[in-house]
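As the structure lists them, so they are numbered: ligands from 1, and atoms in each ligand from 1.
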Amino acid sequence: MIRPRRSELATPASNEWMFAKSAASGADLVFLDLEDACAPAEREKSRGKAAKALRELDWGATTRAIRMNGVDTRWAHGDVIEVVTEAREALDVIIVPKVRRARDVWWVDVLLTQLEETLGLEKRIGLEVLIEETEGLENVGEIVRASDRLEAVIFGAGDFSASQGARVDTNFDPFVDYPGDLWHYARARVIVAARSAGIDAIDAPFPNYRDPDAYRTACDRAAAMGYVGKWAIHPSQVDIANAAFAPTPEEIEHARRLVAAYREAEAQGRGATALDGMLVDAAHLRHADTVARTADLLGL
Ligand code: GLV
Ligand code: MG
């Protein structure tokens, strides 16, 4: 985990009137979307709008990103070249959608390397990829190792459902209409692949932005699996995700006590001990370490 990603807020790159609100939303990452939230006729014009906003708005601590179009579309190279050339160091991350094979990531990586060299950029642009095609899920193990720019994988349940042929219409309620989690296999596959490559995983968008309780439940479930954040489609979802993916003061306190108890046992030549009536061994120490590192990253 190299930067916080509790909330990743999507904003259509065609809609300039939304940019200032997104920049001030408190999201860990905002991405100006040149792909599916942007009408095809607007995509080319929106590159300049995105670059200007990345350069000129006050983003505070928010990571500044764009979502480019997929590498199998006619927009892909123009998205990368125009936005990077105009935004320069004001762009932190590019999100690559509909990734199917490692070579899709490699193509963006090579283009970025050439651009960074040509433009003399001092900063290296990071990448996130969306796993939202059945083919991408099949190949996720090679995709997460395709570039050392890769910082996170996002699970995209919307396109993934379509790719799978799932019968989920707008009335589908994920907590009612299917026992368990319809996307559990995909979510589990994505987090395991991400972790095995040492990068983060971000959970899917939740379309019903008028149901904050359901969004919170979805955040909590993703956090339980090891996801570090969730997509937000509306600024009202940002605070919910930021809270759900941060360790609570009780968790931080417990983690610190656990480390102390373990170290004391270790000093006495024991590999395990107990804390509050529960076993503490090396595996628990790893959990506590994750909590502590997340807390440090978030300045908690
Ligand atoms: C996101 O792009 C999704 O398809 O869910
Ligand atoms: Mg999608």
Note: OD2(D159)-the Mg ion (ligand 2)-OE1(E132) angle, rounded to 10 degrees, equals 100°

Exactly one candidate in E8, E35, E128 meets side chain to side chain donor-acceptor pair (under 3.5 Å) with R67; the answer is E35

Item to complete: Assert yes or no for the condition that the ring centre distance of W231 to F31 is strictly below 6.0 Å.
Response: yes

Check your understanding: How about Y209 and Y215: are their ring centroids closer than 6.0 Å?
Key -> no

A student checking ligand 1 against G158 at a 4.0 Å heavy-atom cut-off should list atoms 3 (C), 4 (O), 5 (O)

Atoms of ligand 1 under 4.0 Å from any heavy atom of G156, numbered from 1 in the order shown, are 3 (C), 5 (O)

| query | Between A157 and ligand 1, is there a nitrogen or oxygen pair with a distance under 3.5 Å? | reply | yes

Test of proximity, F160 against ligand 1: N or O pairs below 3.5 Å:
no

### Query
Heavy atoms, side chains only, cut-off 4.5 Å: are Q237 and I233 in contact?
yes

Assess whether atom CD of Q268 is packed by more than 12 heavy atoms of other residues, nucleotides or ligands within 6.0 Å. yes

Going by the 4.0 angstrom heavy-atom rule, the piece of P205 near ligand 1 is side chain

Within the 4.0 Å heavy-atom cut-off, what R67 brings close to ligand 1 is side chain

re atom 3 (C) of ligand 1, the protein heavy-atom contact at minimum distance is E132 OE1, 3.4 Å

Shortest non-hydrogen pair, L258 vs H284, comes out as CD2-O, 3.8 Å

**Asked** With a 4.0 Å cut-off on heavy atoms, does E35 reach ligand 1?
**Response** no

Side chain to side chain contact (heavy atoms under 4.5 Å, CB included) assessment of F19 paired with K49
CA-CA 10 Å; F19 293 173; K49 296 183 189 179; 4.3 Å; yes

Closest heavy-atom approach to atom 4 (O) of ligand 1 among D33, I154, D36, D159 is made by D159

